[in-house]
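Heads up: the structure comes next, in structure tokens.
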Amino acid sequence: QVQLVEAGGGSVQAGGSLRLSCAVSGYTYSTYCMGWFRQASGKEREGVAGIDSDGSTSYADSVKGRFTISKNNAKNTMYLQMNSLKPEDTAMYYCGADRGARPPKAKWVGYFHPTYWGQGTQVTVSS
């Protein structure tokens, strides 16, 4: 059974930093395409950052240069380092995973629809 568990959310002031983690189990972690997504109140869920099994990454324009996605295969854990946070980054953040290949697009995170999801972790950024 595939399980993804997020941690690391919280409240921070604008300009601050947070690091989210996503611990995975139940599959060969290193071969999956994975990503971070977020859903703000009243908005659709959007892809924030993705990382494929070969290390290829993709970022939404709104977070590029501020967020960094990474993974530690030995620990079966994916991370999202979020710096220079803004109030508009406030949302529930989810990690997702899929055994399929990443979408054949340059900015593929926007087209990535994982099969497996975590339960989410709340990030709140105050001004």
Chi angles and distances behind the side chain to side chain contact (heavy atoms under 4.5 Å, CB included) call for Thr90, Gln122: CA-CA 8 Å; Thr90 295; Gln122 178 68 36; 4.0 Å; yes

So which atom in Asn83 and which in Ser17 form the shortest heavy-atom distance, rounded to 0.1 Å? OD1-OG, 2.9 Å

Partners of Thr115 by side chain to side chain donor-acceptor pair (under 3.5 Å), sequence neighbours excluded? Asp98

Under a 4.5 Å cut-off applied to non-hydrogen side-chain atoms, are Lys43 and Arg38 in contact? no

Check: Lys75 main-chain N/O paired with Thr77 side-chain donor or acceptor under 3.5 Å: yes

Output for pair (Tyr93 OH, Trp36 CH2), nearest 0.5 Å, gives 10.5 Å

Report yes if some heavy atom in the side chain of Asn72 is under 4.5 Å from a heavy atom in the side chain of Tyr79; otherwise report no. yes

Less than 4.5 Å apart, any side-chain heavy atom of Cys95 and any of Met78? yes

According to a 4.5 Å side-chain heavy-atom criterion applied to Ile, Leu, Val, Met, Phe, Trp and Tyr, with indirect links allowed, do Val63 and Phe37 form part of one hydrophobic cluster? no

Which heavy atom in Ser58 sits nearest to a heavy atom in Ala106, and how many Å separate them? OG-O, 4.3 Å

Both conditions, 6.0 Å and 45 degrees, for the charged tip of Lys105 above the ring of Tyr111: are they met here? yes

For Ala60 against Gly47, the heavy-atom pair lying closest together: CB-O, 3.5 Å

Locate the shortest heavy-atom distance separating Gly96 from Trp117; write the atom from each residue and the value. CA-CE3, 4.2 Å

Taking a hydrophobic cluster as the set of Ile, Leu, Val, Met, Phe, Trp and Tyr residues connected by side-chain heavy atoms closer than 4.5 Å, whether directly or through intermediates, do Tyr94 and Val125 fall within one such cluster? no

Hphob cluster co-occupancy, Met34 + Leu80, side-chain heavy atoms under 4.5 angstrom: yes

Reported OG-to-NZ distance for the pair Ser21 and Lys71, which is rounded to 0.5 angstrom: 15.5 Å

Under 4.5 Å between side-chain heavy atoms, hopping through other hydrophobics if needed: is there a path connecting Leu85 to Val48? yes

Pick out which of Thr57, Ile51, Asp52 makes a side-chain contact (heavy atoms from CB on, under 4.5 Å) with Arg102. Asp52

When you compare the side chain of Val24 with that of Gln3, does any pair of heavy atoms fall below 4.5 Å? no

Residues forming a side chain to side chain contact (heavy atoms under 4.5 Å, CB included) with Val2, sequence neighbours excluded: Leu4, Tyr27, Tyr116

Student check: side-chain heavy atoms of Gln81 and Ile69 closer than 4.5 Å: no

For Val5 and Gln119, work out which heavy atoms get closest and say how close. CA-OE1, 3.8 Å

Please identify each residue that fulfils side chain to side chain donor-acceptor pair (under 3.5 Å) with Arg45, with sequence neighbours left out. none

Whether Thr121 side chain and Gly9 backbone form a donor-acceptor pair below 3.5 Å: yes

Going only through I, L, V, M, F, W and Y residues with side-chain contacts under 4.5 Å, is there a path from Leu20 to Tyr32? yes

Write down the atom of Ser126, the atom of Pro87, and the distance for their closest heavy-atom approach. C-CG, 4.5 Å

Quick one: does any side-chain atom of Glu6 pair with a main-chain N or O of Gly120 as donor and acceptor, under 3.5 Å? yes

